[in-house]
> 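First the structure, then my questions, so here it is.
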There are 4 protein chains.
Amino acid sequence: MSFDFLPDKPIYQQLIDRITGDLIRGALKPGEKLPSVREYAVEAGVNANTMQRVYKELEGMGITETKRGQGTFVTENAERLGQLREEKKAQLIDDFIRNIEALGFTEQEIAESMTRRRQG
Amino acid sequence: MSFDFLPDKPIYQQLIDRITGDLIRGALKPGEKLPSVREYAVEAGVNANTMQRVYKELEGMGITETKRGQGTFVTENAERLGQLREEKKAQLIDDFIRNIEALGFTEQEIAESMTRRRQG
Amino acid sequence: MSFDFLPDKPIYQQLIDRITGDLIRGALKPGEKLPSVREYAVEAGVNANTMQRVYKELEGMGITETKRGQGTFVTENAERLGQLREEKKAQLIDDFIRNIEALGFTEQEIAESMTRRRQG
Amino acid sequence: MSFDFLPDKPIYQQLIDRITGDLIRGALKPGEKLPSVREYAVEAGVNANTMQRVYKELEGMGITETKRGQGTFVTENAERLGQLREEKKAQLIDDFIRNIEALGFTEQEIAESMTRRRQG
DNA sequence: GTGGTCTAGACCACC
DNA sequence: GTGGTCTAGACCACT
């Protein structure tokens with residue numbers, strides 16, 4: 001597994017996005033153990049400090065829990081995970097619609113482009 | 001006219017986005033004169049250098065032209081402007097779809113949320 | 001007659017270059033009368049002040065002479081005109097060679113590109 | 001290392017030209033790390049912001065890449081670098097020929113002057 | 001320590 | 001008055 005990072009967003013943010021994405025997609029399951037900070041850092045090709053920060057933020061968001069001496073685990077709090085999923089979905093749609101309006105596209109115009117894209 | 005800037009993107013970028021948005025929405029028309037750097041800077045509540053940078057970038061993108069001593073004007077190159085519109089639209093849709101896939105939502109799930117949102 | 005001006009050099013400089021070019025090419029001859037400042041300004045689509053400056057500089061370079069009440073004339077000083085021609089030629093070649101060296105191209109490489117260009 | 005700047009071109013442009021020149025001449029190699037913005041600024045005797053602008057412009061031209069917190073590096077994209085070399089060469093020759101024609105010199109006349117110069 | 005953003009203010013060339 | 005360049009210095013995010 002190797003990662004490409006975009007230059008415009010912080011690496012730690014991109015990693016958080018990736019992990020929450022894994023969670024939403026079901027690639028990571030409730031209660032599952034995450035790799036150790038160092039292990040994951042090597043895997044992702046980033047500095048261990050960066051990875052440390054990622055884990056810290058994830059815990060702050062309430063989606064992982066740390067068991068001392070054992071490692072970091074995805075929370076089993078299903079409600080929190082469902083909530084995460086809904087937050088992300090809402091944010092996705094909000095951003096999209098806000099952008100459409102900011103640029104003055106019509107719904108119809110966008111809808112057409114999307115259908116064309118799906119077919120092309 | 002007064003502006004709010006988000007803390008997560010550079011101000012000059014947000015200004016570029018705003019102006020290109022005005023262009024796409026038709027609030028700015030081909031050949032139209034933009035406010036002077038200093039005037040716009042005051043209006044937007046930013047430093048003149050920041051605005052200078054915005055204008056320079058816009059010129060680099062080929063969507064404005066500057067006439068020395070006279071001011072900055074929207075290009076009359078309709079092709080470039082049409083191209084800009086399409087670029088923005090495509091980018092909008094691409095980002096949306098890429099994000100949906102990255103998070104593993106289904107098209108149907110998203111579609112439902114959007115309809116519910118439009119009704120709600 | 002209508003002119004395009006490059007945005008990176010002062011208009012008055014471009015006009016000076018154009019007129020000295022006319023002189024070197026023989027499109028303007030010794031003793032010949034130039035159009036009036038206002039006439040030429042209209043023709044070139046520039047401000048009369050700009051044209052005034054052009055004429056002033058040309059006179060300063062010793063290549064035109066002003067006869068009060070009659071207008072501006074190309075000098076009949078053949079030596080000065082010949083000198084002008086040589087200056088321009090030398091400068092042209094100097095710039096070219098200095099640039100080649102600054103970029104580290106070989107003479108041969110440039111020679112080949114020029115021949116290819118002339119044939120293509 | 002110390003620099004002289006001509007008064008007629010922006011310093012940041014001259015710095016860009018110098019660096020692209022180093023690249024073309026091979027004094028800078030693909031993947032090589034450039035000095036930090038601040039370091040280079042001191043070296044060149046310019047303000048750090050001026051140097052910042054130079055680096056930003058180089059990145060925009062696709063000839064450098066920046067790794068956050070690590071520094072700025074020459075791209076390893078050999079195609080881009082080759083392209084840069086050809087662009088510069090073509091531009092050099094184009095300018096030269098355009099100027100010759102604008103002034104009405106004959107090819108032969110120029111060729112003679114150049115040979116004489118090379119010998120003199 | 002690295003790049004990046006922003007401000008404040010001076011100064012210049014052009015029209 | 002217009003755009004453009006440059007400096008000086010502060011502050012921030014990332015590694």
Side-chain angles (χ1 to χ4, degrees), chain A residues 5-15 41 44-54, chain B residues 5-15 33-41 44-60 64-73, chain C residues 5-15 41 44-54, chain D residues 5-15 33-41 44-60 64-73:
Chain A
F5 297 108
L6 305 173
D8 52 325
K9 267 206 284 187
I11 290 179
Y12 77 85
Q13 256 305 342
Q14 297 181 52
L15 285 164
V46 302
N47 187 290
N49 291 324
T50 304
M51 210 60 222
Q52 181 65 51
R53 175 165 188 180
V54 170
Chain B
F5 297 108
L6 305 172
D8 54 323
K9 268 204 285 185
I11 290 179
Y12 78 87
Q13 256 304 339
Q14 297 181 51
L15 285 164
K33 185 179 182 305
L34 293 174
S36 81
V37 169
R38 291 161 170 93
E39 201 178 339
Y40 207 153
V46 301
N47 184 279
N49 287 322
T50 303
M51 210 60 222
Q52 178 72 43
R53 176 169 188 179
V54 170
Y55 274 34
K56 168 131 191 172
E57 210 108 332
L58 289 172
E59 187 171 11
T64 60
E65 285 162 11
T66 131
K67 298 182 190 164
R68 289 91 86 28
Q70 299 183 43
T72 301
F73 300 79
Chain C
F5 298 107
L6 304 173
D8 52 325
K9 267 205 285 187
I11 290 180
Y12 77 85
Q13 255 306 338
Q14 297 181 52
L15 285 164
V46 301
N47 187 290
N49 291 324
T50 304
M51 211 60 221
Q52 183 64 50
R53 175 166 188 181
V54 170
Chain D
F5 297 107
L6 304 173
D8 53 324
K9 268 203 285 187
I11 290 179
Y12 78 87
Q13 255 304 341
Q14 297 181 51
L15 285 165
K33 185 181 182 302
L34 293 174
S36 82
V37 169
R38 291 160 170 93
E39 202 178 338
Y40 207 154
V46 301
N47 184 280
N49 287 323
T50 304
M51 209 61 221
Q52 178 73 43
R53 176 168 187 180
V54 170
Y55 274 33
K56 167 127 193 177
E57 208 107 333
L58 289 171
E59 187 170 12
T64 60
E65 285 162 12
T66 132
K67 298 182 190 164
R68 291 91 86 28
Q70 300 184 43
T72 301
F73 300 78

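The chains referred to below are lettered A, B, ... by the order of the sequence lines, with proteins before strands, and numbering in each begins at 1. What you see is a predicted model; the values in this text were computed from it and never measured.
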> Is there a donor and acceptor pair closer than 3.5 Å between the side chain of B/Asn49 and the base of F/dC6?
yes
> Counting only side-chain nitrogens and oxygens, does B/Ser36 get under 4.0 Å of the OP1 or OP2 atom of F/dT2?
yes
> How many Å lie between CD on B/Glu57 and P on E/dG4, as a whole number?
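After rounding, the gap between these two atoms is 13 Å.
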> Which stems does DNA chain F form, counting runs of 3 or more consecutive Watson-Crick or G-U wobble pairs with both distances under 3.5 Å?
E:1-14 with F:1-14
> Figure out the CD/C1' separation between D/Gln52 and F/dC12, and round it to whole Å.
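For the pair D/Gln52 CD and F/dC12 C1', the rounded distance is 13 Å.
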> Can you give me the closest heavy-atom contact between D/Ala41 and D/Ala48, atom names plus distance?
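Answer, listing the atom of D/Ala41 first, then D/Ala48: CB-CA, 3.7 Å.
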> Under the side chain to side chain contact (heavy atoms under 4.5 Å, CB included) rule, collect the residues that match up with A/Asn49, sequence neighbours excluded.
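A/Asn49 satisfies side chain to side chain contact (heavy atoms under 4.5 Å, CB included) with A/Asn47 only.
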> Listed by chain and number, what are the side chain to side chain contact (heavy atoms under 4.5 Å, CB included) partners of B/Thr66, not counting sequence neighbours?
B/Glu59, B/Thr72
> My understanding is that only residues two or more places apart in sequence, or in another chain, count here; which of them pass salt bridge (charged side-chain N to carboxylate O under 4.0 Å, His left out) with A/Arg53?
A/Glu57
> Strictly under 3.5 Å: I want the nitrogen or oxygen pairs between protein and nucleotides 13-15 of chain E, one per line.
none

> According to side chain to side chain donor-acceptor pair (under 3.5 Å), who are the partners of B/Glu65, at least two apart in sequence or on a separate chain?
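Listed in chain order: B/Thr75.
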> Assign B/Lys56 to base, sugar-phosphate, or nothing according to its heavy-atom contacts below 4.0 angstrom with the strands shown.
sugar-phosphate
> Just so I know, are the side chains of B/Phe5 and B/Val46 near enough to count as touching, which here means a heavy-atom distance under 4.5 Å?
yes
> Which residue, B/Gly71 or D/Ala48, contacts DNA chain F at a nucleotide closer to its 5' end, judged by nearest heavy atom?
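Counting from the 5' end, the first nearest nucleotide belongs to B/Gly71.
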> Figure out the CE/P separation between D/Met51 and F/dT5, and round it to whole Å.
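Result: 16 Å.
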> Go through the structure and list residues passing side chain to side chain contact (heavy atoms under 4.5 Å, CB included) with B/Gln13, not counting sequence neighbours.
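Partners of B/Gln13 by the side chain to side chain contact (heavy atoms under 4.5 Å, CB included) criterion, ordered by chain and then number, come out as B/Pro10, B/Ile16, B/Asp17.
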> With a 3.5 Å distance limit and no angle check, can you tell me whether D/Arg68 reaches the backbone of A/Lys9 through a side-chain donor-acceptor pair?
yes
> Considering only heavy atoms and no angle criterion, is a donor-acceptor pair shorter than 3.5 Å present between the side chain of B/Arg38 and the base of F/dG1?
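Answer is no: no donor-acceptor pair is held.
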> With nearest nucleotide decided by heavy atoms, which residue, D/Gln14 or B/Thr66, maps closer to the 5′ end of DNA chain F?
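Nearest nucleotide further toward 5': that of B/Thr66.
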> Return no unless some side-chain N or O of D/Thr72 is found under 4.0 Å from OP1 or OP2 of E/dG3.
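The answer is yes; a side-chain N or O of D/Thr72 sits under 4.0 Å from OP1 or OP2.
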> Between atom CG in B/Leu58 and atom C1' in F/dG4, what is the gap in whole Å?
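About 15 Å, once rounded to whole Å.
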> Rounding to a whole Å, what distance do you find between D/Leu6:CG and F/dC6:C1'?
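So the CG-C1' distance, D/Leu6 to F/dC6, works out to 16 Å.
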> Considering residues at least two apart in sequence or located in another chain, which fulfil the side chain to side chain contact (heavy atoms under 4.5 Å, CB included) criterion with B/Lys33?
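So B/Lys33 forms a side chain to side chain contact (heavy atoms under 4.5 Å, CB included) with B/Phe73.
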> Separation of D/Glu59 atom CD from E/dT2 atom C1', in whole Å?
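That distance rounds to 13 Å.
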